[in-house]
Amino acid sequence: MRNKKLSIIVCLSFLLLFTSFNSSERSAWNVEMYDQYTYKSYTSYEAFSENLDSKTLDIPLLNAAIFYETNRERAKKKLPLFIYSKEAERASLLHSEDMSKGDFFSHSNPQKGRETTSKRLEKEGVHWQVCAENIAIGLMYPLEDQSYFPPSVNKGYFSLEYQGKPITIRTYAKMAVQIVKMWMDSKPHRANILNPKFTHLGCGNYPKKVKKQDQVPQVYSTQNFFTYFKEDEGQNK
């Protein structure tokens with residue numbers, strides 16, 4: 001069963017708020033912690049080794065894991081690491097939430113004021129010089145390109161063999177690795193991640209509503225890249 005979705009958009013020019021699903025107050029992660037960890041050390045924080053829960057997903061924690069895994073790919077190419085942007089994270093989160101609740105998968109958003117990547121960043125106060133966006137839908141279980149037995153015929157769990165060993169849902173770290181791998185396996189998405197022109201990054205995730213028992217839980221993932229105008233860099237770091 002093949003179940004992958006990716007998309008990309010890039011913007012060039014001269015020229016949001018965490019939401020109801022899982023508030024930052026209930027999260028194991030907060031924005032101050034971005035300065036305490038790197039892509040090398042973030043998995044030492046035990047929360048990243050916890051298994052996902054589709055009903056109580058810790059959104060800020062998954063956002064951070066994807067941010068660090070993206071920087072890992074930058075480091076492999078000896079590129080400058082991305083600077084975390086809370087503005088880009090909010091813009092990304094809202095777009096992922098809109099896609100989930102609106103049941104669409106696109107860089108174009110029907111919500112007024114959030115129609116395009118550039119507008120979503122501008123709404124958060126980002127005066128960008130260059131910007132780009134990656135989006136994806138990732139599976140919470142490691143079932144990509146595999147046939148499996150669903151819960152309705154399999155004692156309530158997913159497995160590769162009939163009533164075989166249950167498949168374990170991914171951890172936050174492993175979910176991040178998988179989503180970033182999907183982007184890295186796609187030439188245009190990889191180009192965004194490895195583009196030396198981009199300096200800042202924010203990632204936002206939102207779970208896709210499970211409508212049927214046999215539906216594999218999924219996550220909408222968005223990441224926004226940008227570079228500030230030179231006159232804005234100092235005040236926005």
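Side-chain contact of Asn205 with Ser96: a donor-acceptor pair under 3.5 Å is absent, judged by distance alone. Donor-acceptor pairing under 3.5 Å is lacking for the side chains of Glu133 and Thr222. Side chain to side chain, Glu89 and Asn63 meet the donor-acceptor criterion of an N or O pair below 3.5 Å.
Residues satisfying the ring-ring contact (aromatic ring centres under 6.0 Å, His included) criterion with Tyr220, sequence neighbours excluded, are absent altogether. Looking at residues two or more places apart in sequence or on another chain, you find no side chain to side chain donor-acceptor pair (under 3.5 Å) involving Tyr68. Taking Tyr37 as the reference, Trp29, Tyr45 meet the ring-ring contact (aromatic ring centres under 6.0 Å, His included) condition, with sequence neighbours excluded. By the side-chain contact (heavy atoms from CB on, under 4.5 Å) test, Lys165 pairs with no residue at all, sequence neighbours left out. Qualifying side chain to side chain donor-acceptor pair (under 3.5 Å) partners for Lys86, counting only residues two or more places apart in sequence or in other chains: none.
Residues Ile193 and Phe225 meet the side-chain proximity criterion, which asks for heavy atoms closer than 4.5 Å. Within the 4.5 Å cutoff, no side-chain heavy atoms of Pro166 are placed close to those of Thr168.
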Verdict with reasoning, Trp128 to Thr227, per side-chain contact (heavy atoms from CB on, under 4.5 Å): CA-CA 6 Å; Trp128 52 273; Thr227 298; over 6 Å; no
Trace of the salt bridge (Lys or Arg N to Asp or Glu O under 4.0 Å) decision for Glu73 with Lys76: CA-CA 5 Å; Glu73 297 301 330; Lys76 289 177 182 178; 3.2 Å; yes
Please assess Gln223 against Trp183 for the test side-chain contact (heavy atoms from CB on, under 4.5 Å), listing each intermediate value before the final yes or no. CA-CA 11 Å; Gln223 53 182 186; Trp183 284 323; 3.2 Å; yes
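Arg114 contributes no side-chain N or O that, together with a main-chain N or O of Arg120, makes up a donor-acceptor pair within less than 3.5 Å. One N or O on the side chain of Ser92 and one on the backbone of Asn224 form a donor-acceptor pair closer than 3.5 Å. One N or O on the side chain of Glu115 and one on the backbone of Gly113 form a donor-acceptor pair closer than 3.5 Å.
With Met140 as the fixed residue, the side-chain contact (heavy atoms from CB on, under 4.5 Å) test singles out one of Asp53, Val219, Val216, Val210: Val219.
Annotation for Leu121 and Cys131: closest pair CD1-CB, 3.7 Å, computed over non-hydrogen atoms. For the residue pair Thr70 and Phe82, the shortest heavy atom distance occurs at CG2-CE1, 3.8 Å. The two atoms that bring Tyr34 and Ala64 nearest to each other are OH-CA, 3.3 Å, heavy atoms only. Shown here for Tyr42 and Tyr39, the closest heavy-atom pair between the two residues is CD2-O, 3.6 Å.
Between His200 and Tyr228, a ring centre-to-centre spacing shorter than 6.0 Å is recorded.
A cation-pi arrangement, defined by a distance under 6.0 Å to the six-membered ring centre and an angle within 45 degrees of its axis, is absent between Arg170 and Tyr141.
A salt bridge links Glu69 with Arg72; the closest basic N to acidic carboxylate O contact falls under 4.0 Å.
In Gln213, the CD atom is crowded: over 12 heavy atoms of neighbouring residues, nucleotides or ligands sit closer than 6.0 Å.
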Ignoring hydrogens and angles, write down the donor-acceptor pairs under 3.5 Å from the side chains of residues 149-159, residues two or more places apart or on other chains.
unit_1	atom_1	unit_2	atom_2	d
Ser152	OG	Asp214	OD1	3.2
Ser152	OG	Asp214	OD2	2.5
Asn154	OD1	Gln163	N	2.4
Asn154	ND2	Tyr157	O	3.1
Asn154	ND2	Ser159	OG	2.6
Tyr157	OH	Gln163	O	3.4
Tyr157	OH	Gly164	O	2.9
Ser159	OG	Glu161	O	2.4

